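Here the structure is a predicted model, which is why all the values come from computation and not from measurement. Proteins come first, then strands; the chains are lettered A, B, ... in the order of their sequence lines, and each starts at number 1.
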Amino acid sequence: MEWIVWVYDTAIGEYKNREAIWIWSIDSNGEYYLIIDPNFRDYFYIDSKYISIRKLNQILRMELGNLYRDIEVNEVTRRLYGVEHIFYKVSGGFEAVKKASDVLSKKVGEGIYEDDIRPSQKYIMDMNLNPCGWYRFKVSNVTTIDNVSVGVLEEFTPIEERPYPEVRVLSVDVILGSRYGEPDPEYDQVLGIVTYDGENVNNYLLDGNDYNIIRLLETDVSRVDPHVIVGFELNQYIWPYLTERLKKLRRGLKIGKIGGEAHQSVLGHFSVGGRVNIDLKEYVDDLPIFQRKTLEELAGYMKMDLPEYAIDKYLYYDYWSRDREKLIKYVEWRVKAIYNTFKGLEDHIFVLSNITGIPPDYVFTASSGRQAEYYIMKIGRRHGEVTPKVSLRRYRTYPGGLVLNPKPGLHDNIAVIDYKSMYPSIMIKYNISPETIVKSSEGNVVYFDEIGYGVRSDIRGLIPTILEELIRRRDEIRSRLKSLDPSSREYKLLDARQRVLKILANTMYGYMGWIGARWYSYEGASIVTYLGRRTISLSIDKAKELGLNIIYGDTDSIFVDYNIDLINELIKWVSDTLGLEAKIDKVFKKILFTEAKKRYAGLTEDGSIEIVGLEYVRRDWCDYAREAQYVIVKNLLEGASKDKLLDLFRDFVRRLRRKEVDIRKLIIWEQITRPLSEYKVNAPHIEVAKSLSQEGWRIKKGMFIGYIINKGSGPLYKRAVHYTKADPNYIDWDYYIYNQLLPAIVRILSPVGISEKTLESIARGGGVGLDMFV
DNA sequence: TATAGGCATACGATAGGCAGGGC
DNA sequence: TCCCTGCCTATCGTATGCCT
């Protein structure tokens, strides 16, 4: 029988009492298919340098007992960091291979590879069966279990370029709360579960025993039968809580296909057999554009309606007791937002999964470094590369990008020239990869005296090969996009593809300098940044020689007078002499620099305001000061008079003086970056976190603490309170005038000649003297 | 349960200078 | 005159979050 289906997961299951690979998939109507491959054998490699084949067989025979019959050993040639080695490939049943690698790790220790990669992942890579792709399967022994068609694999072939099927999605959110701080699954019942299937919101509220509402969730899942279950903080919070609640009943959470229970797999991720479990929190955590990692930010980014009021989880229990309706309305907004956000992100998720080979429900759980690594592993084995082990190494830093001191003040017509993908281009051009770096300058080597390493030119590195392929594939897609309608399904998918390829290419340099990388190269990363510094220095020299005035520069960009002829000459020189591509990134009609690097504000040609590095973009400044800085710098760049700017400032001061500011705009947000006991100095957010901890809240790394400064004497940390407990009568309004608003405005006005003294006297209510009459 | 290094900034901790007072 | 105490200031260290 032949099935044309879309694969979304591979897992280890069983067939006739033996472990087998299960391939979960759906057809274009969303019907489920499970294809079983009983023939895949797990394996690992052991380097022949460390053991003879006779000794190897001897150990395995002695240690494995009956399992030895399930093992096969072959001599193969593979590469390790580009160098050919003879390996013994030990393959067989999953259990036998696992046991064999355990035994050899103990007896031999070194030289064992790929025993640390899950068989289902090896299957994806070796068979080239990429998740989130379409395939034609030939199967036999077809049966139906529940509503899943099950067949045994005979062969398959990929089908290129089909749009994704419509997936059924169920979003889930819960109401957890406790009178005593952090809800504890040991004592605190689940207060409510809310789901959304794209049409109906269902809310199940506690009425007696919470077992009943968890049952209702399970019923919902089997009724909707979703391909995807999506939530916010599912893996770290919701699934562990629900499974813990059910432990009392000695049963699991039954939300998988074919009666499967959700179970914890690697790294705290929960696996729901046969369904894709997506936690959007893991997506926002990885992206710096989301400053506070909230669902509201994500929803705003996806251009969705925001809730009328957001309720902090610290207040869930309060609302549950006092104003339940409001809480439920908010959580209903959440499930809809989660659902719709997933719908907006699904192309990205599926494309990322398809390209990296990481199944979709795990792709956000993997860090961006690991995502890149899976891609390298996949491409590497096509070149016969064995995947190296992650080894323990000493952490070492190396010099990074070059940053110029800016020329402070207001400048007109400044162009930003930057290098197109500077680091990836350097890595390709100079062949930089862990295996191409050498210490000696002998032979076919391009040697860099300044850092004492060279790069071989007689072999092509794996990383540059991969980068070239990424860039080539992306260029192909981008040229195809030109002829497509941007609103079409095909365009959107291809656009998602080219974006993922770009992200992967841009990750490779950082990956190579990451101590946890399998393809780590301190020397390689050092050479990349060295060449980056050299490239930018040479361009600066050339720009000066051409007569361009340089205002600023950072890593791969220089800010110069917008003289198009000279700039074109410079760009041509870069291409001819350095062999790299530079371009005009943007042009500022006006740009303001302070004395500081990495901080400026500009007005672009199209009239938009861009603020970089200044208080306005930092979450550890209160919104009020941030907004004031934005308004005043915008006016400044748009040519407002000094008087106008001072008037604006005076207004901002006045509203604080009169306590007319919404206290939500006074919250300062800071992240907890380590266990509370490891802090060496007192700080407001730490003190507030400690008090929350006393109230029973578990304070974990990565949490954000929002606080407000109250009146009183002594250091700030003694006067900070959690924002949910702030009272306008106790707020230290002076702190907000002198330590938030004033510095943010001094920063942008002092470079244009408005002194700190002037501003300070306005802040004090003096200067012009009108304040006393209002 | 980290892709890299470079950088600004605030505030707490700490040391040193100095004045004033008591013996 | 010596020494202790409290206050002020300069400097250093810690912590955070940004930029490319």
Side-chain angles (χ1 to χ4, degrees), chain A residues 235-236 266-269 282 285-286 288-289 291-292 364-373 375-376 390 395-406 416 418-419 421-424 463 503-522 524-526 528-530 532-533 536 552-558 585 594-600 610-621 668-674 678-687 700-702 704-705 709 714-720 735 738-740 743-744 746-747:
Chain A
N235 288 329
Q236 297 298 325
V266 271
L267 311 179
H269 177 72
E282 291 170 342
D285 274 347
D286 274 1
I289 51 166
Q291 286 189 318
R292 287 188 32 225
F364 283 163
T365 308
S367 69
S368 48
R370 293 282 170 233
Q371 288 170 12
E373 188 161 87
Y375 186 77
I376 302 174
V390 188
Y395 176 77
R396 283 194 290 170
T397 58
Y398 55 89
L402 183 68
V403 190
L404 303 185
N405 276 310
V416 182
D418 70 3
Y419 280 88
S421 308
M422 185 195 243
Y423 287 168
I463 304 288
I503 293 168
L504 284 173
N506 288 342
T507 306
M508 290 298 165
Y509 149 72
Y511 171 79
M512 203 169 73
W514 170 39
I515 194 169
R518 292 172 189 264
W519 279 275
Y520 173 66
S521 175
Y522 169 85
S526 309
V528 175
T529 54
Y530 160 71
R533 292 192 299 279
I536 205 77
Y552 177 62
D554 186 349
T555 309
D556 65 349
S557 68
I558 49 175
D585 180 42
T594 69
E595 306 262 334
K597 297 169 173 179
K598 298 188 184 282
R599 313 188 118 208
Y600 54 87
E610 246 174 66
I611 300 185
V612 178
L614 293 166
E615 286 73 6
Y616 170 69
V617 301
R618 298 180 60 97
R619 68 157 168 259
D620 56 351
W621 284 75
I668 296 161
W669 290 95
E670 280 179 278
Q671 192 175 185
I672 300 293
T673 60
R674 64 199 75 175
E678 284 177 20
Y679 280 93
K680 290 179 183 153
V681 292
N682 295 308
H685 69 300
I686 304 308
E687 214 55 31
K700 283 188 297 194
K701 203 173 128 179
F704 291 94
I705 305 290
I709 299 297
L716 291 180
Y717 68 86
K718 289 190 175 154
R719 301 192 275 127
Y735 170 80
Y738 296 109
N739 295 60
Q740 291 278 315
V746 167
R747 191 97 53 223

* Quick one: side-chain hydrogen bond (donor to acceptor under 3.5 Å, both in side chains) partners of A:Gln371, sequence neighbours excluded? -> none
* To do: Take atom CZ of A:Arg674 and atom P of B:dA2, then tell me their distance rounded to the nearest Å.
  => 16 Å
* Structure fact -> Sequence neighbours excluded, the answer for side-chain hydrogen bond (donor to acceptor under 3.5 Å, both in side chains) partners of A:Asn405 is none
* Asked: Quick one: ring pair (Phe, Tyr, Trp, His ring centres under 6.0 Å) partners of A:Tyr419, sequence neighbours excluded?
  -> none
* Asked: For A:Lys598, what residues pass the side-chain hydrogen bond (donor to acceptor under 3.5 Å, both in side chains) criterion, not counting sequence neighbours?
  -> A:Asp554
* To do: Side-chain contact test, heavy atoms from C-beta onward, threshold under 4.5 Å: evaluate it for A:Tyr616 versus A:Arg747 and give yes or no.
  => no
* Looking at every strand, decide which applies to A:Tyr735 at a 4.0 Å heavy-atom threshold: base, sugar-phosphate, or nothing. => sugar-phosphate
* Could you state the CZ-C1' distance from A:Arg619 to B:dA10, rounded to the nearest angstrom? -> 16 Å
* To do: Determine the contact category for A:Ser557: base if any of its heavy atoms lies under 4.0 Å from a base atom, sugar-phosphate if only primed atoms, P, OP1 or OP2 are that close, otherwise nothing.
  => nothing
* **Secondary-structure string, 5' to 3', Watson-Crick or G-U under 3.5 Å, | for another-strand partners, for DNA chain B** => ...|||||||||||||||||||.
* Looking for any heavy atom pair under 4.0 Å, which part of the strands does A:Tyr520 touch: base, sugar-phosphate only, or nothing? -> nothing
* Qualifying residues under side-chain contact (heavy atoms from CB on, under 4.5 Å), relative to A:Ala505, sequence neighbours excluded -> A:Leu467, A:Leu470
* To do: Looking at every strand, decide which applies to A:Asp418 at a 4.0 Å heavy-atom threshold: base, sugar-phosphate, or nothing.
  => nothing
* In chain order, what residues pass the side-chain contact (heavy atoms from CB on, under 4.5 Å) check against A:Ser526, with sequence neighbours excluded? -> A:Tyr398, A:Tyr522
* Nearest-Å distance for atom pair NZ/P, residues A:Lys718 and B:dC11 -> 16 Å
* To do: Under 4.0 Å between any heavy atoms, over every strand shown, what does A:Leu716 touch: base, sugar-phosphate, or nothing? Just pick one.
  => sugar-phosphate
* **Pairing residues for A:Arg619 by the salt bridge (charged side-chain N to carboxylate O under 4.0 Å, His left out) criterion, not counting sequence neighbours** => none
* 5' to 3' contact window, DNA chain C with chain A (heavy-atom distance under 4.0 Å) -> C:dT14 to C:dT20
* Spacing of the P atoms in B:dT1 and C:dC19 (rounded, Å) -> 29 Å
* **Nearest heavy-atom neighbours spanning A:Tyr679 and A:His685** => OH-NE2, 4.3 Å
* Asked: Base, sugar-phosphate, or nothing: which does A:Gln371 touch, judged by heavy atoms less than 4.0 Å apart?
  -> nothing
* Using side-chain contact (heavy atoms from CB on, under 4.5 Å) as the criterion, list what pairs up with A:Pro684, not counting sequence neighbours. => A:Tyr707, A:Leu716, A:Tyr717, A:Ala720
* For A:Ile668 and B:dC11, what is the distance between atoms CD1 and C1' respectively, to the nearest whole Å? -> 12 Å
* Do A:Glu615 and A:Arg618 meet the salt-bridge criterion of a basic N to acidic O distance under 4.0 Å? -> no
* Encode nucleotides 3-9 of chain B as B, S and - characters from 5' to 3', where the letter depends on protein heavy atoms closer than 4.0 Å: B to the base, S only to sugar-phosphate, - to neither. => BSBBSSS
* May I ask you to evaluate whether A:Asn682 reaches the phosphate of B:dA13, defined as a side-chain N or O under 4.0 Å from OP1 or OP2? => yes
* To do: Using the test side-chain hydrogen bond (donor to acceptor under 3.5 Å, both in side chains), find all partners of A:Glu595 that sit at least two apart in sequence or belong to another chain.
  => none
